[in-house]
Amino acid sequence: MPRQKRGILGVKKDPKNQILYFGNNGEEWPSDDSEDSDYLPSDLEDDQPASLAQKVCSSWKEIAKDPSLWRKVDLTYGWIKQKEETLRWLSENRLSQCQDINLSNWTLSSALSFIAERCPHLQTVNLSHCKKLTPDGVTSLANNCTELRDIDFSDTSITSTSLKELILKRFSEIKRIDVSCNKKLTGFTMVLDTIMKCPKLTVLDISTLENVPTYVTIDIEEFQKSCPKLKVLRMGNNRYKGTPKTDDEVEKSAGFPELEEFSIPDLSGRHTMHNTIVYDVFNRILHKSFKLKVLDIRGRCNESYAVLETIPAADLESLHVGLSSMSYDDPYMGLFLKWRQSLKTIDLSWVQNVELAIQELTSGPSLPLEKIQLTGSNIEYKDLRTLLKKCPKLNYVQLESCRNLVRGIKRLYKDEDINVLKEKIKNLGNI
């Protein structure tokens, strides 16, 4: 008797009625019977275990056809070949009720339009790093996906015109927008004005944009008025300034009362901002953000640490002030006293006179600190010992390029490695 093609646990593979199968290690289906690990010879086909398996898998196969089970789909793991034909088949046969789809790193052209037309219930769409993203595809999303609320176009070729069109049509429901690392948003100011009309917006990432003005001008107070629910604002590696306002207008602004994360680092070293502009932007954005937990101003500290004093939040948990050539001195030590009982993560990489900050941090009771980045700093053994003693919850210590430490000590320590670090510096005596 000739062998029959078999699928999972003896179920015949029907090329006209396929289902997606994700193997344990992402393997593709075998190409012939000899490679089928689940192949059952014909003389066993009538045995009860095989029949039972066939019935069970047939049931699973039928269940898998149900579109209600395909609400969230992630196609980024390489388990299936990235072909537009695959997306077309899925859209026609499985995704009519899909709400969340991740197509990061796919190459798309007409397929996006096809998906948008057949998946009207999409709410979350991740198209980060996608190639050949066409304006027609984005327009199709805008026209067909009326429930859209979370869009990720980071590192794509989306244009300002198509992005603006999408946001204008779906602005009332959109909660999250990520357009970071884009190179073609030449009309970004126009796009930003549109984004500022989204009343439910909670997350906005506009970091690392190219072909934008030297200074991106924002009406900060209007932004705060229109987007009162904003929780995360990331705008790193570009320069910003606020439209001129009186002190009274700034004070009367509602601010961002729900803001929990503000990130505006400059990791390029090319965008030095004037002191006055830095202070103005920080003060106006954060002046009523009492819930702030994460602040990232790496590379911006060269202008002035004074901006930190304007922050009203009393329970900051993550502070990133690395990549600064300015030395810590007495006027800024109060900042560490202000947050020493709430900080869990600190980045002091490449900061000079870091021992002053460490001494101030460890001057009181034990700390809740869990992670500290000290790359390139001038930390010394005595301060490192005190830090480890006063921070019993530390599970991450980065000591690469610390010039005051001997070779063999300068590396990353995580979790159980922290005990290794303690032993190493203990054996170094009074160095």
Side-chain angles (χ1 to χ4, degrees), residues 224 230-234 236 250-251 253 255-266 273 275-276 278-374 377-379 383-384 386-398:
Q224 293 167 332
L230 194 67
K231 291 185 176 181
V232 176
L233 178 58
R234 300 175 183 141
V250 172
E251 185 58 34
S253 168
F256 287 122
E258 301 300 319
L259 196 65
E260 297 177 1
E261 176 184 335
F262 180 53
S263 174
I264 188 171
D266 177 11
M273 292 170 66
N275 287 1
T276 304
V278 171
Y279 186 90
D280 183 62
V281 171
F282 276 55
N283 183 51
R284 290 166 65 178
I285 288 179
L286 300 176
H287 77 121
K288 292 185 180 177
S289 299
F290 294 96
K291 296 181 181 180
L292 192 70
K293 299 296 182 183
V294 179
L295 178 64
D296 186 350
I297 54 173
R298 289 170 295 164
R300 300 288 191 191
C301 306
N302 293 348
E303 292 88 9
S304 177
Y305 280 115
V307 296
L308 300 179
E309 296 181 304
T310 69
I311 299 173
D315 299 308
L316 201 68
E317 295 181 357
S318 183
L319 176 62
H320 304 261
V321 292
L323 297 174
S324 171
S325 62
M326 179 179 282
S327 300
Y328 278 93
D329 52 23
D330 291 338
Y332 307 107
M333 292 304 99
L335 296 174
F336 291 95
L337 288 178
K338 178 179 180 180
W339 295 314
R340 70 181 308 279
Q341 290 302 325
S342 61
L343 283 172
K344 296 180 180 180
T345 301
I346 300 178
D347 182 353
L348 295 171
S349 55
W350 303 104
V351 170
Q352 303 304 307
N353 294 338
V354 72
E355 72 275 8
L356 296 177
I358 298 299
Q359 290 168 13
E360 196 69 21
L361 275 171
T362 58
S363 62
S366 296
L367 301 170
L369 195 64
E370 299 174 2
K371 297 182 179 181
I372 188 164
Q373 170 69 263
L374 293 165
S377 71
N378 61 345
I379 183 75
D383 296 317
L384 187 54
T386 304
L387 180 69
L388 293 170
K389 181 179 180 181
K390 286 294 184 74
C391 304
K393 295 183 179 180
L394 266 180
N395 56 47
Y396 182 106
V397 180
Q398 177 59 277

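When a residue number appears, it is its place in the shown sequence, counting from 1. This structure is a prediction, so every number in the text was calculated from the model and none was measured.
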Problem - Exercise: do Gln224 and Ser253 side chains pair donor with acceptor under 3.5 Å - result: yes
Roughly how far, to the nearest 0.5 Å, is the [atom2] atom of [Y] from the [atom1] atom of [X]?
X      : Y      : atom1 : atom2 : result
Leu323 : Trp350 : CG    : CH2   : 9.0 Å
Thr345 : Ile372 : OG1   : CD1   : 10.0 Å
Gln341 : Leu316 : CD    : CG    : 14.0 Å
Ile358 : Leu374 : CD1   : CG    : 5.5 Å

Are [X] and [Y] close enough that some pair of their side-chain heavy atoms sits under 4.5 Å apart?
X      : Y      : result
Val294 : Phe262 : no
Ile285 : Val281 : yes
Glu317 : Leu343 : no
Phe282 : Ile297 : yes
Leu319 : Asp347 : no

Non-hydrogen atoms of [X] and [Y] that approach each other most closely:
X      : Y      : value
His287 : Pro312 : O-CG, 3.5 Å
Arg340 : Pro368 : O-CD, 3.6 Å
Val354 : Ile379 : CG1-N, 3.7 Å
Leu348 : Ser377 : O-CB, 4.2 Å
Leu367 : Leu361 : CD1-O, 3.2 Å
Gln398 : Gln373 : CG-OE1, 2.7 Å

Check side-chain contact (heavy atoms from CB on, under 4.5 Å) between [X] and all other residues, then give those that pass, not counting sequence neighbours.
X      : result
Ser263 : Arg234, Glu261, Pro265, Asp296
Ser366 : Pro392
Ser363 : Leu337
Glu260 : Lys231

Exercise for the section: Among residues two or more places apart or on two chains, list those pairs meeting salt bridge (Lys or Arg N to Asp or Glu O under 4.0 Å) that have a residue in residues 281-290. Expected result: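 Matches after skipping sequence neighbours: Glu221-Arg284, Asp280-Arg284.
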Under 3.5 Å, side chain of [X] to main-chain N/O of [Y], donor-acceptor pair present?
X      : Y      : answer
Ser289 : Lys291 : no
Trp339 : Ala313 : yes
Thr362 : Thr386 : no
Arg298 : His320 : no

Problem - Other residues, nucleotides, ligands: >12 heavy atoms within 6.0 Å of Lys293 NZ - result: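 Correct, the count exceeds 12.
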Practice task
Before giving the answer on side chain to side chain contact (heavy atoms under 4.5 Å, CB included), spell out for Val321 and Leu295 the whole-Å C-alpha distance, their side-chain angles and the decisive distance to 0.1 Å.
Solution key: CA-CA 8 Å; Val321 292; Leu295 178 64; 6.0 Å; no
Exercise for the section: Only counting residues at least two apart or in another chain, list the ones meeting salt bridge (charged side-chain N to carboxylate O under 4.0 Å, His left out) with Glu355. Expected result: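 Residues passing salt bridge (charged side-chain N to carboxylate O under 4.0 Å, His left out) with Glu355: none at all.
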